[in-house]
Participant: 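Sharing a structure here in structure tokens format.
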Amino acid sequence: MVFFSAELFESPRFDSLYYYRRCTPIPAVISALKRSDEEEHQISCSRDHVSMKRRGVMLQIASSAFFLPLTISPAFAVAETNASETFRVYTDEANKFEISIPQDWQIGQAEPNGFKSITAFYPEETSTYNVSVAITGLGPDFTRMESFGKVEAFAETLVSGLDRSWQKPAGVTAKLVDSRSSKGFYYIEYTLQNPGEARKHLYSAIGMATNGWYNRLYTVTGQCTDGESAEQSSKIQKAVKSFKFI
């Protein structure tokens, strides 16, 4: 004989399955409860799966900050000869984006290291400032930036994932400066500082687009150190903000 407690009959979950006053056979009630447990388990597993994929993508976004400065392939480097204007527009027809970069900067392809592609923009002389565009493939669960949550939570998760100041000995210190959302992009400003090194300022624009087969995440990151001039910092910010899809 199977007995049920009064709490079970009073629970909303039981009422939503079968109302006991209608004398539904006990085996049917047990079966319904089991199906409900299985459905809840499947939903939970699905949410965990999406959460794991979200964390994986966030890890890739965070890791893109450490590709700067990038290893540039000389075969892809392009030198500009016409310096009549301060900025020029670089268009990538294959990856469907364009960005305004300083007229005298070069263009190169970096080693992907898990990304679909990384395009770097940098001055000819040795420097600590540059801009890069990293492209990451996404699954069908991610259809817009809000799939990662609101921009404030997204930025906090991204920067906290980079911070290692709590380690002993202390690692890189990461601090969030600002975050905002505009026209489908998340804009994030933050700093990174390794012990004994100059602090880096990073400006990122993160957006999502499709190539017709799958969604892709574009992470545009510009960086400069505290020692750089206000003019160079302004150039980097302008380049990052100019990024758009075509």
Side-chain angles (χ1 to χ4, degrees), residues 54-70 86-87 90 97-102 105 115 118-123 127-136 138 142-167 170-195 197-209 216-245:
R54 185 183 293 115
R55 286 195 296 270
V57 173
M58 291 289 288
L59 184 61
Q60 278 196 309
I61 295 172
S63 67
S64 68
F66 292 101
F67 283 98
L68 304 173
L70 299 162
T86 304
F87 276 75
Y90 169 81
F97 73 83
E98 67 179 35
I99 184 172
S100 296
I101 59 173
W105 278 23
F115 294 90
I118 300 179
T119 305
F121 309 95
Y122 56 98
S127 67
T128 57
Y129 56 91
N130 47 53
V131 175
S132 70
V133 179
I135 303 175
T136 308
L138 293 174
F142 304 96
T143 57
R144 55 183 185 150
M145 287 305 300
E146 286 75 10
S147 300
F148 294 98
K150 299 295 184 181
V151 64
E152 295 83 4
F154 179 91
E156 287 285 354
T157 301
L158 174 65
V159 176
S160 63
L162 292 168
D163 186 70
R164 294 294 181 272
S165 60
W166 47 269
Q167 291 181 338
V172 64
T173 298
K175 292 184 178 181
L176 178 63
V177 177
D178 189 32
S179 64
R180 63 185 178 87
S181 175
S182 177
K183 298 180 180 179
F185 283 87
Y186 282 1
Y187 294 92
I188 301 172
E189 179 184 352
Y190 57 103
T191 63
L192 296 175
Q193 184 172 21
N194 281 307
E197 296 182 6
R199 185 174 61 177
K200 296 180 182 179
H201 286 264
L202 295 99
Y203 308 90
S204 290
I206 306 169
M208 193 180 301
R216 300 195 293 181
L217 192 72
Y218 293 70
T219 304
V220 188
T221 303
Q223 74 158 357
C224 62
T225 63
D226 281 345
E228 301 294 346
S229 66
E231 178 186 1
Q232 298 302 341
S233 176
S234 177
K235 285 182 179 180
I236 290 168
Q237 293 183 59
K238 181 177 179 179
V240 172
K241 292 176 181 178
S242 72
F243 179 90
K244 65 180 181 179
F245 299 122

Participant: Would a 4.5 Å heavy-atom cut-off, applied to side chains only, mark Y129 and T225 as touching?
Facilitator: no

Participant: Before you tell me yes or no, could you show the steps for T128 and E228 under side chain to side chain donor-acceptor pair (under 3.5 Å), namely the whole-Å CA-CA distance, both residues' side-chain angles and the distance that decides it to 0.1 Å?
Facilitator: CA-CA 8 Å; T128 57; E228 301 294 346; 2.5 Å; yes

Participant: Compare every heavy atom of H201 with every heavy atom of D226, then report the nearest pair and how far apart it is.
Facilitator: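 Taking D226 first and H201 second, the nearest heavy atoms are OD1-NE2, 2.8 Å.
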
Participant: Walk me through it: do V131 and I99 pass the test side chain to side chain contact (heavy atoms under 4.5 Å, CB included)?
Facilitator: CA-CA 10 Å; V131 175; I99 184 172; 4.1 Å; yes

Participant: So F148 and F154, would you call those rings parallel, tilted or perpendicular, with 30° and 60° as cut-offs?
Facilitator: perpendicular

Participant: Can you list the residues that meet the salt bridge (Lys or Arg N to Asp or Glu O under 4.0 Å) rule with E98, with sequence neighbours excluded?
Facilitator: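 Checked E98 against salt bridge (Lys or Arg N to Asp or Glu O under 4.0 Å); matches are K244.
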
Participant: Determine whether N130 and Q223 make a side-chain contact, defined as any pair of heavy atoms from C-beta on separated by less than 4.5 Å.
Facilitator: yes

Participant: Between D163 and L192, is there a side-chain heavy-atom distance shorter than 4.5 Å?
Facilitator: no

Participant: Counting C-beta onward and ignoring hydrogens, is there a side-chain heavy-atom pair between S234 and E231 closer than 4.5 Å?
Facilitator: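 The answer is no; the side chains never approach within 4.5 Å.
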
Participant: Hey, what do you get for OG (S179) to CD (E156), rounding to the nearest 0.5 Å?
Facilitator: 7.5 Å

Participant: What I'd like to find out is whether the side chain of E146 reaches to under 4.5 Å of the side chain of Y186, using heavy atoms alone.
Facilitator: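 Contact flag for E146/Y186 side chains = yes.
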
Participant: Side chain to side chain donor-acceptor pair (under 3.5 Å), that's the test. Do S204 and T221 meet it? Break it down for me.
Facilitator: CA-CA 4 Å; S204 290; T221 303; 3.2 Å; yes

Participant: So how far is it from Y190 OH to D178 CG, rounded to the nearest 0.5 Å?
Facilitator: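 It is 13.5 Å, given to the nearest 0.5 Å.
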
Participant: In Å, rounded to the nearest 0.5 Å, how long is the span from CZ of R164 to CG of N194?
Facilitator: 11.5 Å

Participant: Please report the interatomic distance CZ(R216) to CE(M208), rounded to the nearest 0.5 Å.
Facilitator: 12.5 Å

Participant: Above 12 or not: heavy atoms from other molecules or residues under 6.0 Å from CD of Q193?
Facilitator: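 It does: Q193 CD has more than 12 such atoms within range.
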
Participant: How close do G222 and V240 get, heavy atom to heavy atom, and via which atoms?
Facilitator: N-CG2, 3.7 Å

Participant: Compute the centroid of each ring, for Y218 and then for F245, and state whether the two points are separated by less than 6.0 Å.
Facilitator: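 That pair passes the under 6.0 Å test.
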
Participant: What about F243 and Y187, are their ring centers closer than 6.0 Å?
Facilitator: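 When the ring centroids of F243 and Y187 are compared, they turn out to be at least 6.0 Å apart.
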
Participant: Does a side-chain heavy-atom distance below 4.5 Å link Q232 with C224?
Facilitator: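 Sidechains of C224 and Q232: no contact.
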
Participant: Going by heavy atoms in the side chains, are Y90 and F97 under 4.5 Å from each other?
Facilitator: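 The answer is yes; the side chains approach within 4.5 Å.
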
Participant: Can you name the closest pair of heavy atoms from R180 and V151 and give their distance?
Facilitator: O-CG2, 3.5 Å

Participant: Please report the closest heavy-atom contact between T173 and S165, naming both atoms and the distance.
Facilitator: OG1-CB, 3.4 Å

Participant: Begin from the C-alpha positions of V133 and I118 and carry the test side chain to side chain contact (heavy atoms under 4.5 Å, CB included) through to its verdict.
Facilitator: CA-CA 6 Å; V133 179; I118 300 179; over 6 Å; no

Participant: Just by distance, do the side chain of S132 and the backbone of A120 share a donor-acceptor pair under 3.5 Å?
Facilitator: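 Checking the backbone N and O of A120 against the side chain of S132, no donor-acceptor pair under 3.5 Å is found.
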
Participant: Rounded to the nearest 0.5 Å, what separates atom CD in E189 from atom CG in L202?
Facilitator: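 Going from the CD atom of E189 to the CG atom of L202 covers 9.5 Å.
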
Participant: May I ask you to test the L217-I206 pair for a side-chain heavy-atom distance under 4.5 Å?
Facilitator: yes

Participant: What are the two closest heavy atoms between S100 and S242, and how far apart are they?
Facilitator: N-OG, 2.8 Å

Participant: Could you state the interatomic distance from CD1 (I101) to OG1 (T86), rounded to the nearest 0.5 Å?
Facilitator: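 Atom-to-atom, I101:CD1 and T86:OG1 are 13.0 Å apart.
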
